[in-house]
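Encoded as structure tokens, the structure appears first; notes follow it.
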Number of protein chains: 2
Amino acid sequence: MSAVSSTVNIGRPRAFDVDTALEKALEVFWRKGYDGTSLSDLTEAMGINKPSLYAAFGNKEQLFLKAIELYESRPCSFFLPALEKPTAYQVAEHMLYGAAMNMADQNQPQGCVVVQGALSCSEAAATVKEALLNRRVDGEHKLRARFEQAKLDGDLPVSADAETLARYLGTVLQGMAIQANNGATSEQLRQVAEMTLQAFPRAG
Amino acid sequence: MSAVSSTVNIGRPRAFDVDTALEKALEVFWRKGYDGTSLSDLTEAMGINKPSLYAAFGNKEQLFLKAIELYESRPCSFFLPALEKPTAYQVAEHMLYGAAMNMADQNQPQGCVVVQGALSCSEAAATVKEALLNRRVDGEHKLRARFEQAKLDGDLPVSADAETLARYLGTVLQGMAIQANNGATSEQLRQVAEMTLQAFPRAG
DNA sequence: AGATATGTGTACTTAACGGTATATAACCCT
DNA sequence: AGGGTTATATACCGTTAAGTACACATATCT
């Protein structure tokens with residue numbers, strides 16, 4: 001009960017770094033989707049064998065879910081900071097420009113794994129599909145709550161519909177993920193962001 | 001050389017209707033994506049056995065491509081008519097409201113198979129992925145050409161950027177597909193359409 | 001040094017995958 | 001009625017899928 005094993009390194013040490021292996025797994029899932037990714041794809045990219053993968057991450061499904069967590073904390077790290085901007089308009093602005101930069105970044109797969117990781121998929125992928133859906137919906141709830149706060153703060157007109165604003169923004173952000181897959185550049189997505197903001201109410 | 005066999009019904013007749021079988025196949029691909037759909041899924045939904053499927057449609061890939069053609073002529077039939085509206089604004093209006101109605105229609109799978117049929121996928125799906133990508137890009141080119149015409153017609157300001165307008169619209173339309181998968185209703189998508197139009201230039 | 005604990009690589013299992021060979025059934029034409 | 005032609009159902013093919021058993025390697029602890 002008292003021994004916490006993780007601090008003491010007993011037994012043979014791992015021959016690979018768990019975090020970098022997870023990054024590699026994320027990249028594969030991102031490019032190929034859950035259904036399109038095989039364990040061979042994963043082990044090859046991660047540079048490990050299947051027993052090591054299962055020992056470290058559980059199974060394919062759990063590996064995917066862990067990769068998504070990593071995604072939200074690293075490659076897609078613009079969302080939460082944008083929420084903290086002082087006004088609703090600035091929140092939208094930073095969100096849209098952040099997405100434009102991020103989703104077409106040539107140093108990583110195009111688009112957003114939360115959108116494209118398991119959109120239409122087999123029954124075997126039902127769990128991860130739902131996990132992604134929940135994250136998309138949750139992101140919009142956060143936006144909505146932020147906009148409701150903005151109404152209280154007086155930087156959004158009281159007549160504004162926070163829910164619709166959040167859904168509009170969510171729609172464009174998710175659409176940008178498809179656009180990036182279509183080959184759109186960050187600059188082209190920036191122009192979309194600019195147009196999107198024209199429909200966005202400014203001062204209250 | 002002279003005999004056109006398709007009119008004369010020689011040999012054992014088909015025990016199924018090709019068009020309705022294709023509709024069933026489309027529905028499965030739409031819900032599960034190309035990678036997520038197995039031949040068993042298809043034959044079960046279509047009510048036929050594998051040899052019949054292969055004889056009538058070639059293979060899985062060709063069946064998918066035929067299903068997409070059907071999709072564009074039937075379940076997603078709002079796009080081309082919208083292009084023919086008299087002004088750019090009306091084009092955008094009909095496109096957006098048509099999509100809002102269509103993508104959340106409860107009588108068919110949610111979203112758009114051209115968006116979600118093979119977004120992130122295995123290498124085995126590379127051909128169909130590219131086919132879908134080409135259709136998305138082609139749709140945007142049609143929109144752009146329509147808006148350039150509108151500038152000549154004088155119902156869009158000459159200062160308007162047809163390419164960006166088309167991409168903005170494409171982004172929202174594709175985002176709506178994700179929204180529908182998220183569970184958004186047609187009414188909620190209509191509100192998004194309304195907001196989208198607020199950024200759209202009206203008379204020239 | 002030896003017991004204990006953990007990780008690694010190879011080889012395996014079971015099930016499902018996409019696709020097909022084959023025998024039979026159902027039609028047209030003469 | 002019988003030959004020619006096409007569709008059907010069953011049973012099968014080779015391959016790959018996800019997941020694991022097992023023998024061995026490498027560490028810590030006493």
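Worth knowing before you read on, the calculation uses all heavy atoms, side chains too, and leaves out hydrogens, waters and symmetry mates. Chain naming here is simple, since letters A, B, ... match the order of the sequence lines and numbering starts at 1 in each.
- With C:dG9, C:dT8, C:dC17 as the choices, the nucleotide that has an atom nearest any side-chain atom of A:N49 turns out to be C:dG9.
- At whole-Å resolution of the value, CG in A:D35 and P in C:dA16 are 15 Å apart.
- Comparing A:G58 and B:F16, the nucleotide of DNA chain D nearest to each residue sits closer to the 5' end for B:F16.
- Between B:P13 and B:L39, the residue anchored closer to the 5' end of DNA chain C is B:L39, taking for each the nucleotide with the nearest heavy atom.
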Going through the checks in order, is the side-chain hydrogen bond (donor to acceptor under 3.5 Å, both in side chains) test met by B:Q108 and B:E23? CA-CA 11 Å; B:Q108 61 191 20; B:E23 274 177 33; over 6 Å; no
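- Residues A:D41 and A:P51 both approach DNA chain D. Their nearest nucleotides, taken by heavy-atom distance, put A:D41 toward the 5′ side.
- With distances taken from any side-chain atom of B:I10 to the nucleotides D:dA18, C:dC17, C:dC28, the minimum falls on C:dC28.
- With respect to the salt-bridge test (charged N to carboxylate O, under 4.0 angstrom), the residues B:E148 and B:R144 qualify.
- Taking the side chain as every heavy atom from C-beta outward, B:V137 and B:N134 never approach each other to under 4.5 Å.
- To the nearest angstrom, C1' of D:dC13 lies 13 Å from OH of B:Y54.
- The shortest distance between the side-chain N/O atoms of A:S52 and the OP1/OP2 oxygens of C:dT8 is below 4.0 Å.
- Between A:S40 and the phosphate of D:dT16, there is no side-chain N or O to OP1/OP2 separation shorter than 4.0 Å.
- Rounding to whole angstrom units, CD of residue A:E61 and P of D:dA17 are separated by 18 Å.
- A parallel orientation is assigned to the rings of B:Y34 and B:F29, their planes being inclined by less than 30° (bins at 30° and 60°).
- Looking at heavy-atom distances under 4.0 Å, B:T37 makes contact with sugar-phosphate atoms alone, never a base.
- Distance A:K50 NZ to D:dA17 P: 8 Å, rounded to the nearest Å.
- Atom pair B:K60:NZ and C:dG18:P shows a separation of 4 Å (rounding to whole Å applied).
- The environment of B:Q62 atom CD is dense: over 12 non-hydrogen atoms of other residues, nucleotides or ligands sit within 6.0 angstrom.
- In this structure, A:R12 atom CZ and C:dA3 atom P are separated by 20 Å, rounded to whole Å.
- Across all strands, B:A15 comes closer than 4.0 Å only to sugar-phosphate atoms, never to a base (heavy-atom distances).
- Between the CD atom of A:E123 and the P atom of D:dA17 there is a distance of 20 Å, given to the nearest Å.
- What separates CD of A:E44 from P of D:dA18 is a distance of 13 Å, to the nearest Å.
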